[in-house]
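Quick notes on the structure that follows.
Everything quoted here is computed from the prediction, not taken from an experiment.
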Amino acid sequence: MLITYFPVVVSLFTIAFVFFLIAKINKAPVAKGKALAITEAIKEGAISYLKRQYKTVSMVAAVLFFILLVVMGWKIAFGFLIGAILSGVSGFIGMLVSTQTNTRVAKAAERGMDFALDLSFKGGLVTGLMVVSLGLLAVSGYYFLTGIEGLVALGFGASLISVFARVGGGIYTKAADVGADLVGKVEKGIPEDDPRNPGVIADQVGDNVGDCAGMAADIFETYSVSMVATMILGALLFPKSIEFILLPLFLGSISVLTSIIGSFFVKLGKSKSIMGSMYKGLAVSVVLSAVAFYFLIAKMMAGQEVLANNYYFSTLIGLVIAVGMFIITEYYTSKKYGPVRSIAKASETGHGTNIIRGLGLGMQSTAFPVLLIAAGTIISFQLAGIYGVALAVVSMLSISGIVVGVDAYGPITDNAGGIAEMSGMPPEIRKITDALDAVGNTTKAVTKGYAIASAGLAALVLFAAYSQEVINLSGSLGAANFFLADPKVIAGLLIGGLLPYLFASFLMGAVGKTAGKVVEEVRRQFREIKGLMEGTAKPEYGKCVDIVTKAAIKEMMIPALIPVVAPILVGYLLGVEALGGLLIGATVTGLFVGISMTTGGAAWDNAKKYIEEGNLGGKGSFAHQAAVTGDTVGDPYKDTAGPAINPMIKVLNIVALLIVAFLV
């Protein structure tokens, strides 16, 4: 039936709509003169970095492609290749549009907040819709061409590239940011994005390669992998009913369309609330999806053993978790609420108390999300078994189009503010870009909370698929019982629990080491270039860009390969029981480490911004100096280590699913 290909049609329509948005963005006026030169420098640096990153990653991917081709056949190998290529493409397009939009947003601010918001959100929406449309097209297209067999490899390809993008981009962006801030703000007392700072262009480039390209690749793989895991689970549990394989694709298709409709509602209302306008668009998308899901599931799942309403309520659970994560994360990271203000207050008594309060808040911020996920998992399981849990995950991720749009809006406004500052635009322009950027910090934090929660749930679904595959291959229901009395399961749990900590430690160390090199270079230029501090000489921006580019490429290799190598070693040395334990351990600790890092880091950042608005002594005060230190620690927490744990725990599960046939 033609309706079966509905997901492919929706994907192609959405891609066409994305190019329509790009055309509208390109028609917007560009800031001229110095602003344009700065934009070109940012764009050149971002493209240069991504080219080097993808060149390095492509060598790893090529080796894995040939191994998969020889060992597992062409369906697996080409599935891997498609997932890897499209993950990279989604990140590259997101970055490219971001660097085209930032200077236009700075120019649009001359006409007022409404115009600047509209343009910056359109730029973010391009990334969001491109990510979900490519993900939907890849999964549905490859399934219709080859069947279910090659889909797990497609997810592996997407996840592997995502890990590299998150790790490399995260090291780049935060090493540049920390290095520039430590010398510029703390030592020299000059504003953020001051053109005299030699590290400032590298910092602006980092916003694009980390927050745009990295986030796009991350959500692309989370979205794709969740679809794949649910389809595989459906095929394993209900081999005679194709509806269980197709349902995730149709749910995703509907939400892509509702995301497009919801995007038209992102406009400033009478309250002039920027965050409110974002939530308005999200709310419309969620409500429309909830309504449309009912009719879809009633039609597709009629006559099944479990009532269609049970499947429908499982999808509602996913939407509730998504909304709940937005509310919880905003509470812990917005300047309006107590948690962020408590960090700002702690800054009055020094650097140490700021760090202590920030660490404590990051730990505390895990409680409500984990309880929400636990409740959602239990309820959806009671409704429709493990497939109900999988549907909740697909439903949660189905609105990724508009969610990523809200996230990718952040680095665009951040860059726009930096361009306005560096090019000497009037203060009223900077006031508008600062207001947009302040909301961007919260939207980035909120979407990172959404991403890590969805990653944890997706990992649970992948683990269920792994367990079911073990049962099917062994022919024994008891083969997937991972008892705590089994020492191999205990060993697997401990090793899995260790991995997120080990992984994060590599990334934090890489940022610290690279930031130290940036600090030395920025200090050297201030010391040796006459007239730099006075503004009569030009910094050598390219030196800092080169330092962080080389370091990020070098430092990303070992941590990115940990989730590939670890399950293979544990599986072959200790067996399927230990590997099952590893997957559970990594998912549990990964969820806690990811949430505490992303939320705690964002709270540190906004505590600094709260003080910079004139509270508790304002800029230059003792409290501000302590808050800058907290933000310096929080930067690699929220933008490097924390977000990279999302793809890391999913790669572990996908590799386990790929190799399980060789272990049973």
What about the rings of Tyr54 and Phe164, do their centers lie closer together than 6.0 Å? no
Test side chain to side chain contact (heavy atoms under 4.5 Å, CB included) on Leu64 and Phe156; report intermediate values, then the result. CA-CA 11 Å; Leu64 287 171; Phe156 177 44; 4.3 Å; yes
Spatial distance of atom CE (Met597) from atom CE (Met363) [nearest 0.5 Å]: 10.5 Å
What I'd like to find out is whether the side chain of Tyr637 reaches to under 4.5 Å of the side chain of Leu359, using heavy atoms alone. yes
Atom CD1 of Ile161 and atom CD1 of Ile85: how far apart are they, to the nearest 0.5 Å? 9.0 Å
Counting N and O atoms only, with roles assigned by atom type, does the side chain of Asp486 sit under 3.5 Å from a partner on the main chain of Lys488, one being a donor and the other an acceptor? yes
Verify, without hydrogens or angle tests, whether Tyr294 (side chain) and Asn309 (backbone) share a donor-acceptor contact under 3.5 angstrom. no
Would Tyr501 and Ser505 count as a side chain to side chain contact (heavy atoms under 4.5 Å, CB included) here? Give the steps. CA-CA 6 Å; Tyr501 287 95; Ser505 75; over 6 Å; no
Begin with the C-alpha distance, continue with both residues' side-chain angles, and end with the deciding distance and a verdict on side chain to side chain donor-acceptor pair (under 3.5 Å) for Ser289 and Thr258. CA-CA 6 Å; Ser289 293; Thr258 63; 2.8 Å; yes
Check whether Thr222 reaches the backbone of Ile219 with its side chain - one donor and one acceptor, N or O, closer than 3.5 Å. no
CZ/Phe66: more than 12 non-hydrogen atoms of other groups inside 6.0 Å: no
Find out whether Ile373 and Leu591 are in side-chain contact, i.e. whether some heavy atom of one side chain is under 4.5 Å from a heavy atom of the other. yes
Test Lys75 against Tyr142 for side chain to side chain contact (heavy atoms under 4.5 Å, CB included), laying out the working first. CA-CA 9 Å; Lys75 286 184 182 179; Tyr142 203 63; 4.3 Å; yes
Ignoring hydrogens and angles, state whether a donor on the side chain of Thr14 or Ser133 is under 3.5 Å from an acceptor on the partner side chain. no
Taking all non-hydrogen atoms of both residues, which atom of Ser162 and which atom of Ser87 are closest, and how far apart? N-OG, 3.9 Å
Can you tell me how far the CE atom of Met301 sits from the OH atom of Tyr311, to the nearest 0.5 Å? 5.0 Å
Assert yes or no for the condition that the ring centre distance of Phe65 to Phe80 is strictly below 6.0 Å. no
Less than 4.5 Å apart, side chain to side chain, heavy atoms only: is that true for Thr230 and Val393? no
Is there a side-chain contact between Lys638 and Lys174 (heavy atoms, below 4.5 Å)? yes
Can you confirm whether Thr587 sits close enough to Asn653 that some side-chain heavy atom of one is under 4.5 Å from a side-chain heavy atom of the other? yes
Taken to the nearest 0.5 Å, the spacing of Ser285 OG from Ile402 CD1 works out to 3.5 Å
Check whether any side-chain heavy atom of Arg166 sits under 4.5 Å from a side-chain heavy atom of Thr640, and report yes or no. no
Does any N or O in the side chain of Thr599 come within less than 3.5 Å of the main-chain N or O of Ser596, such that one atom is a donor and the other an acceptor? no
Any heavy-atom pair between the side chains of Leu233 and Val461 that's under 4.5 Å? yes
To the nearest 0.5 Å, how far apart are CD1 in Ile317 and CG in Leu383? 6.5 Å
Around atom CZ of Phe144, are there more than 12 heavy atoms from other residues, nucleotides or ligands closer than 6.0 Å? yes
Donor on one side chain, acceptor on other, Glu221 and Ser159, under 3.5 Å: yes
For the rings on Phe381 and Tyr387, is their centre-to-centre separation under 6.0 Å? no
Please check if the side chain of Ser395 supplies one atom and the backbone of Leu391 the other of a donor-acceptor pair under 3.5 Å. no
Ile558 atom CD1, neighbour heavy-atom count above 12 within 6.0 Å: no
Side chains of Leu81 and Leu154: does their closest heavy-atom pair fall under 4.5 Å? no
Distance flag, aromatic centroids of Tyr312 and Phe293, threshold under 6.0 Å: no
Can a donor-acceptor pair be found, under 3.5 Å and without considering hydrogens, that links the side chain of Ser314 to the backbone of Val389? no
Could you walk me through whether Leu237 and Phe244 pass the side chain to side chain contact (heavy atoms under 4.5 Å, CB included) check? CA-CA 9 Å; Leu237 293 171; Phe244 290 93; over 6 Å; no
Full working for salt bridge (charged side-chain N to carboxylate O under 4.0 Å, His left out) between Lys448 and Asp407: CA-CA 8 Å; Lys448 284 185 180 110; Asp407 179 272; 5.2 Å; no
